[in-house]
Amino acid sequence: MDLQKLIKQTEERNPGQPLYNQAVKEVLETICDFVNEHPKYDQYKIVERLLEPERIIKFKVTWVDDKGEIQVNRGYRVQHNMAIGPYKGGLRFHPTVTEDTMKFLAFEQTFKNSLTTLPMGGGKGGSDFDPKGKSEGEVMRFCQSFMTELQKYIGPDTDVPAGDIGVGGREIGFMYGQYKRLRGEHVGVLTGKGLEWGGSLIRPEATGFGAVYFLEGMLAAKKDTIKGKRCIISGFGNVAWGTALKLAELGAKLVAISGPDGYILDEEGINTPEKIAYMDALNATRNNVVAPFAEKFASAKFFPGKKVWEVPCEIAMTCAIQNELNGDDAKALVANGVKYVVEVSNMGCTAEAVAELQKAGVSFAPGKAANAGGVATSGLEMSQNAQHLSWKRERVDEELHHIMNSIHENCVKYGTEANGYINYVKGANIAGFIKVADAMIAQGIAY
Ligand code: 2IT
């Protein structure tokens, strides 16, 4: 493959889509040598084929707000690749959502899902609907209208959406109810369902738990342990919550969390059941502010308008949104002695940030490896639905742990450089690519 030509071609074919171009460039740069060592991939034009989603569905979502006014939003589902299983990936409801956001997330999802060891293709969807300040009735009417259109394109063996930013158990419930009403089928078409109606134990915790299991692998690779390590995370939503729970359980010291309004520093540690439960309660309000945390707990201080990355730590984990950690943030973390940076949000770091961290020899995990525990546990939910069974907590947790270990091993296998540094970005991209690419070759020129 000709790296520069493909990067340029991607820019020309996807103008005005910086996120998609950023995600593609990172993958192309890291798989290039591997692809060129294996001519079959060029022969079958696998890379070129992966740069085009199989399908982009874009639709209008109209709904009526509490004042009786009609609202118009945009809905999306990008079905990127189905080579190894049905399209699978979350739905994001956030005002920043564009076709670009959806395309980059669907592209990342294909590689991530491949890494999980489970048979899932890649997709992503969502809307520019802003849940902030909406009543429950408004959220329900929006979800119903969104699903009325989306249901034409999904199904338990074709495409299985789940949650992402702005879409939690409540929204999944409203959308599942509407799917059932329209189709008359109680099937595993969405994951992240409630426990009583087909959901899986551990799914709410899974992204955070998985990320910490992955972090344990990174620490073990450096003959290091998690106990007592000073950690900071961005965000206070579902992913940050699951991460905080597992960090506390394993004896790490989480001292900071953040929101769009600033960050919270708590030198006593955000590690008690009360504090962690309050993160979840704050998130449930969908008001997007973390400040009330400092009003509730005396040991917590609020720093308005500041980014959490200025707090000295050994371990930093991005748990909010793409490009939330930039080159300057990375420099500040390095100057303060950070040793491990884990992207738990999808593409949480800019390309400059990744370069800074790698240059400084910091152990850095990309989102598609570290946050794969969420979708992996969605895969386990699909298995349970297909079997009409529900597994015990211990079984799901054990499978999740096993999957995260296997992703870590694969990153080490394909990402270890001559000087011993583990380039997790390269390892994850190559390992994710191989499975999808080989499946595409085996299935002929279909997509
Ligand atoms: O980014 C992600 O992997 C998710 N939002 C979870 C997707 C899923 O299908 O569980």
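Hydrogens, waters and symmetry mates are skipped; everything else that's a heavy atom, side chains included, is used. In this text, all values refer to a predicted model and were calculated from it rather than measured experimentally. The first residue of the sequence shown is numbered 1, and numbering continues consecutively from there. Read the numbers this way: they start at 1 and go in the same order the structure lists the ligands and their atoms.
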Discussion item. Assess, by modelled atom type and distance only, whether the side chains of E29 and N429 contain a donor and an acceptor separated by less than 3.5 Å.
Written reply: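 N429 and E29 do not have a side-chain donor-acceptor pair below 3.5 Å.
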Discussion item. Looking at E108 and K368, is there a salt bridge between them, counting it only when a charged N and a carboxylate O are closer than 4.0 Å?
Written reply: yes
Worksheet entry | K306 NZ/CZ over Y263 ring centroid, <6.0 Å and within 45° of normal | no
Practice prompt. With K58 as the cation and Y76 as the aromatic partner, state whether NZ or CZ is under 6.0 Å from the six-membered ring centre and within 45° of the axis.
Written response: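 No, a cation-pi geometry is absent between K58 and Y76.
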Nitrogen or oxygen contacts under 3.5 Å, ligand 1 side and protein side:
residue: ligand 1; atom: 1 (O); partner: K112; partner atom: NZ; Å: 3.0
residue: ligand 1; atom: 1 (O); partner: K124; partner atom: NZ; Å: 3.0
residue: ligand 1; atom: 1 (O); partner: N346; partner atom: ND2; Å: 3.0
residue: ligand 1; atom: 3 (O); partner: Q109; partner atom: NE2; Å: 3.1
residue: ligand 1; atom: 3 (O); partner: K112; partner atom: NZ; Å: 2.7
residue: ligand 1; atom: 5 (N); partner: K124; partner atom: NZ; Å: 3.4
residue: ligand 1; atom: 5 (N); partner: G163; partner atom: O; Å: 3.1
residue: ligand 1; atom: 5 (N); partner: D164; partner atom: OD1; Å: 2.9
residue: ligand 1; atom: 9 (O); partner: K88; partner atom: NZ; Å: 2.7
residue: ligand 1; atom: 10 (O); partner: R203; partner atom: NH2; Å: 2.9
residue: ligand 1; atom: 10 (O); partner: S378; partner atom: OG; Å: 2.5

Worksheet item: Is the F111 ring parallel, tilted or perpendicular to the F433 ring (thresholds 30°, 60°)?
Response: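 The rings of F111 and F433 lie parallel, inter-plane angle below 30°.
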Item to complete: Sorted by first residue and then second, give each side chain to side chain donor-acceptor pair (under 3.5 Å) pair with at least one member in residues 232-241; sequence neighbours left out.
Response: S234-E324
